[in-house]
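Reading through the structure tokens given below for one structure.
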Protein chains: 2
Amino acid sequence: MLSAQTGSKVYVVIVKKLREMIAAENLKPGDKLPSERELSERLKVGRSSVREAFRALELLGLIETRRGEGTFIRDFKGHQLVQVLSTFILQDEKAKKDIKETKFLIELDCLWLIMQKKTDDELLAFKNWAEQTTFTDDEFFYKIILLADNHLFLRMWEILKDYYNSLDFPAEELQKHDYLHLIEELQTKEEMRIRGAYKKLRKLVE
Amino acid sequence: MLSAQTGSKVYVVIVKKLREMIAAENLKPGDKLPSERELSERLKVGRSSVREAFRALELLGLIETRRGEGTFIRDFKGHQLVQVLSTFILQDEKAKKDIKETKFLIELDCLWLIMQKKTDDELLAFKNWAEQTTFTDDEFFYKIILLADNHLFLRMWEILKDYYNSLDFPAEELQKHDYLHLIEELQTKEEMRIRGAYKKLRKLVE
DNA sequence: TTAAGATCATTGGTCAGACCACTACGCTGT
DNA sequence: ACAGCGTAGTGGTCTGACCAATGATCTTAA
């Protein structure tokens, strides 16, 4: 039996197998996964166990199932994940704090990254865009993180953003003007002391 | 039928019901949920559907099941969540550069965090430990990130570390002494200009 | 010939029932 | 009073059955 090898629950093993399979065959979003019955047969497990694995991954928004068609890898989106989590997390203050902290630091990291990666002209273009456009903080940072050109940070941030917005933090958010000012400052200073500016930002929010 | 009301899949409806139940009865981590069979009966659904809902919530780390005992609400921790997400997200991402960059920035973030969170005594204790102990870079940062007390960063870093080590980057890693020096510097400076030191670190690796 | 309709295999969605393994709890006999 | 055992309850898994939706194939009529 599958569980006998590892002691893990079967559905967890199946999740792992799927991950390996996806990696091995280099499957991308939109690609089709084997049917439940086929997987059940190939892995020598019950179809119900396969379904448990699929349902878990589906709730995470990692796969998508279409009746009569099959199961497909999905281009990850927060989805219902956030609602579900927020309900369960609500009382965990530490988790909320971690989320806020992590989101904040990633944002600053990306801010720093674009300072490193982009040319002055590109930064200027962004600055002009930011000054002439109306946007929310989320939109602002989405742009930032896109420019930072780090896919991992982008994905992480999207998740964290959804978490963050589903929680009821006090309205202590920074305004876009503060960030713009930060950019200007960073842009003009020879030494990229973003953490100094960071500390300044901290003062604004605290 | 349950799904007829919303058109949603049964297991999603069950997840929703559970959320309502938890909210209504003010259940907290550690509390026991109804058994699979009881839920199956109360909600007029098959036990397998209840299990699909439970498995999904379990993969999210929101509940915990103990054979022979029951299903319990869990004190939420990132756990497998970040792990599973990261794996699926990384699969379509080939950029070794992103992995390296992200890992590096998270490490620096955590370094910065302990500067903020910990007392001088605690930092001194860590510094002494670091000077008197032999450790690898990974062990060093594991300690750092533990001290940073941010569970999300911890999980992310663990994944990134595994990926990083599985890739064949040139041996351009920083040595522990550099980091220790950094800590000393940070500790003594009034202004926490970690990014300045960060830049210095970048020079070391580039 | 072609387009509309019917048919059928495939696939996911759900349920019911059967075992197994493990745990807690109460009963029993000493 | 206590140690031991057995039973009920619970999760873990598998099997088989049926329903519902989809898509490809075949059939038929214009």
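Lettering follows sequence order; numbering is per chain, from 1.
Applying the side-chain hydrogen bond (donor to acceptor under 3.5 Å, both in side chains) test to B:R37 and every residue at least two apart in sequence or in another chain returns nothing.
Listed for the B:T102 side chain is a donor-acceptor partner under 3.5 Å among the backbone atoms of B:D98. Side-chain N or O atoms of A:S40 include one that pairs as donor or acceptor with a backbone N or O of A:V45 at under 3.5 Å.
In terms of phosphate contacts, A:S49 brings a side-chain nitrogen or oxygen within less than 4.0 Å of OP1 or OP2 of D:dC14.
Nearest heavy atom pair, residue B:T65 against residue A:K9, reads OG1-NZ, 2.5 Å.
Look at CG on A:L43: it is 13 Å from P on D:dT15, rounded to the nearest Å. In this structure, A:K44 places its NZ atom 16 Å from C1' of D:dT13, rounding to the nearest Å.
Interatomic distance, OG of A:S49 versus CD of A:E36, reported as 11.5 Å (0.5 Å rounding).
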Protein-nucleotides 8-13 of chain C N/O pairs under 3.5 Å:
| from | atom 1 | to | atom 2 | distance (Å) |
| --- | --- | --- | --- | --- |
| C:dT11 | O2 | A:G68 | N | 3.4 |
| C:dG12 | OP1 | A:T71 | OG1 | 3.3 |
| C:dG12 | OP2 | A:E36 | N | 2.9 |
| C:dG12 | N7 | A:R37 | NH1 | 2.8 |
| C:dG12 | O6 | A:R37 | NH2 | 3.1 |
| C:dG13 | OP1 | A:T65 | OG1 | 3.3 |
| C:dG13 | OP1 | B:K9 | NZ | 2.9 |
| C:dG13 | OP2 | A:R51 | NH1 | 3.1 |
| C:dG13 | OP2 | A:R55 | NH2 | 3.3 |
| C:dG13 | O4' | A:R67 | NH2 | 3.1 |
| C:dG13 | N7 | A:R47 | NH2 | 2.8 |
| C:dG13 | O6 | A:R47 | NH1 | 3.2 |

